[in-house]
Every structure is written in structure tokens, then in C-alpha cells.
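Worksheet: the structure to be examined is printed underneath.
Quick caveat, the model's predicted, so the values are computed rather than measured. Reckoned from all heavy atoms, side chains included, excluding hydrogens, waters and symmetry mates.
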Amino acid sequence: LGLDEPMWKQFGIYVWQALQGDFGISIRTREPVIDEIARFFPATLDALPQAQACIAACRQEVDADTVLRMQLAIEELFVNSVRYGRGQAAKSEMALSIRLSVHCAAGTARVCFEDSAPAFDPFADLHELRDALAQPLDSRREGGMCRLLVRELADDVSYEWRDGWNCIVLRFCTQKINSPESGSGV
């Protein structure tokens with residue numbers, strides 16, 4: 001780790017590595033810090049294309065089908081946060097913020113979507129929504145199907161209320177992308 005080096009040298013090594021995009025490993029998540037740097041977005045629908053661009057940026061590492069599933073899931077979460085979280089946030093007199101981080105490695109893509117709206121677990125009552133699908137359309141309660149869609153798009157989901165943020169983690173299993181040099185095509 002270089003802890004035996006003088007402080008000025010440790011700092012110089014850190015700055016050199018940071019200039020190359022290496023910010024080290026997060027103590028909290030044990031993943032590269034660069035992958036954990038979240039992008040913040042205003043809670044407006046105008047910011048949705050920027051959030052989608054964060055997902056599209058992993059096209060080099062993730063197959064097209066997975067990128068589309070990730071983008072659709074984030075679109076649903078983003079729109080619902082803006083439309084419904086903002087209303088809840090306005091009642092509690094706090095500004096709504098959204099942040100997004102994406103990490104792709106070892107055959108999985110992990111997307112962390114967070115908003116500062118009041119606590120709400122979007123996956124808490126999904127069994128009721130699945131049961132409602134068997135009922136005639138006119139007897140179903142309104143809403144909730146987007147949450148079921150997000151759950152079905154991702155291979156694994158988790159929710160946690162942490163430090164005033166709704167933290168939704170979506171994990172996607174990816175297909176391996178073959179490089180042109182390998183001769184196996186895309």
C-alpha cells in the first residue's frame with residue numbers, strides 16, 4: 001500500500017493514479033471508487049436522457065439486450081420518482097434529488113438508483129400485484145404495474161432506506177461480449 005513511504009510521496013502516488021482514473025477501492029463497498037461515484041440528477045423528466053446515457057455508457061461491457069433492460073428499468077424508476085416522489089417530497093418540504101451509479105464487471109451489471117423522497121419500498125407488495133394480473137382489468141387497482149415490470153426486468157433487486165435515501169439496487173446477468181480480435185464475432 002505504500003504506507004511506509006513519506007506522506008508527500010503517498011499523496012503524489014494517489015494524485016498520479018487519480019489522474020489515470022484510479023481512485024482506489026471503496027472501504028464501504030470494496031469496489032473501485034470510480035464505479036461508485038454517483039451521478040446526481042435534478043428530479044425533472046428533462047434529466048431522464050442524461051440518466052439513460054449513464055446506462056448506455058456500458059455498451060462496451062454489456063450486451064445490447066441487457067442495456068435495454070437496464071434503460072427501461074431506470075426509465076420506470078426515474079419517471080415514478082419524479083411524478084410521485086416529488087409530490088411526497090413537496091408535502092414534507094424537501095427538495096427531491098436522484099442519483100445513479102452503474103457498475104459492470106464479471107458477467108453482471110449493478111445499477112444503484114437512489115432518490116431522496118420519503119421511504120417507499122417499491123417491491124414490498126409485488127405478490128399482490130402478480131395476483132391482480134389474474135383479475136379482470138376493470139377490477140384491478142390502479143398503479144403499481146411499473147414496479148412489477150422493473151422487478152421482472154432485473155435478475156435481482158433489493159431495497160434499503162439508508163441515510164434519508166431510497167436505495168434500489170438492480171442486478172442484471174449479462175451475456176459475454178466477444179471482442180473482434182477473438183474471432184468469435186459479436
Could you check whether any side-chain heavy atom of [X] comes within less than 4.5 Å of a side-chain heavy atom of [Y], counting everything from C-beta outward?
{"X": "L72", "Y": "L149", "value": "yes"}
{"X": "Y84", "Y": "F120", "value": "no"}
{"X": "R171", "Y": "S158", "value": "yes"}
{"X": "C54", "Y": "F41", "value": "yes"}
{"X": "F172", "Y": "V111", "value": "yes"}
{"X": "V82", "Y": "L48", "value": "no"}
{"X": "F123", "Y": "I168", "value": "yes"}
{"X": "L153", "Y": "E76", "value": "no"}

When rounded to the nearest 0.5 angstrom, what is the spacing between [atom1] in [X] and [atom2] in [Y]?
{"X": "R83", "Y": "L45", "atom1": "CZ", "atom2": "CG", "value": "6.0 Å"}
{"X": "H103", "Y": "E61", "atom1": "NE2", "atom2": "CD", "value": "9.0 Å"}
{"X": "I74", "Y": "L170", "atom1": "CD1", "atom2": "CG", "value": "5.5 Å"}
{"X": "M70", "Y": "I55", "atom1": "CE", "atom2": "CD1", "value": "4.0 Å"}
{"X": "Q50", "Y": "F40", "atom1": "CD", "atom2": "CZ", "value": "14.5 Å"}
{"X": "N80", "Y": "R147", "atom1": "CG", "atom2": "CZ", "value": "8.5 Å"}

Donor-acceptor contact below 3.5 Å, side chain [X] vs main chain [Y]:
{"X": "D121", "Y": "Y159", "result": "no"}
{"X": "R39", "Y": "L100", "result": "no"}
{"X": "E160", "Y": "C167", "result": "no"}
{"X": "S116", "Y": "S97", "result": "yes"}
{"X": "Q52", "Y": "Q71", "result": "yes"}
{"X": "T108", "Y": "C173", "result": "no"}

Which pair of non-hydrogen atoms, one from [X] and one from [Y], has the smallest distance, and what is that distance?
{"X": "P118", "Y": "G85", "answer": "CD-O, 4.4 Å"}
{"X": "V150", "Y": "A73", "answer": "CG2-O, 3.8 Å"}
{"X": "A117", "Y": "D115", "answer": "N-OD1, 3.1 Å"}
{"X": "C104", "Y": "V62", "answer": "SG-CG2, 3.5 Å"}

Partner set under side chain to side chain contact (heavy atoms under 4.5 Å, CB included) for L137, not counting sequence neighbours =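 Counting only residues at least two positions away or on another chain, L137 forms a side chain to side chain contact (heavy atoms under 4.5 Å, CB included) with R140.
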task = Report whether F78 and M145 are members of the same hydrophobic cluster (ILVMFWY, side-chain heavy atoms less than 4.5 Å apart, transitive linking).
result =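 Cluster IDs for F78 and M145 match.
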inquiry  = I'd like to know if V157 and L148 are part of one continuous hydrophobic network [Ile/Leu/Val/Met/Phe/Trp/Tyr, side-chain heavy atoms within less than 4.5 Å].
reply    =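 Linked, L148 and V157 end up in one cluster.
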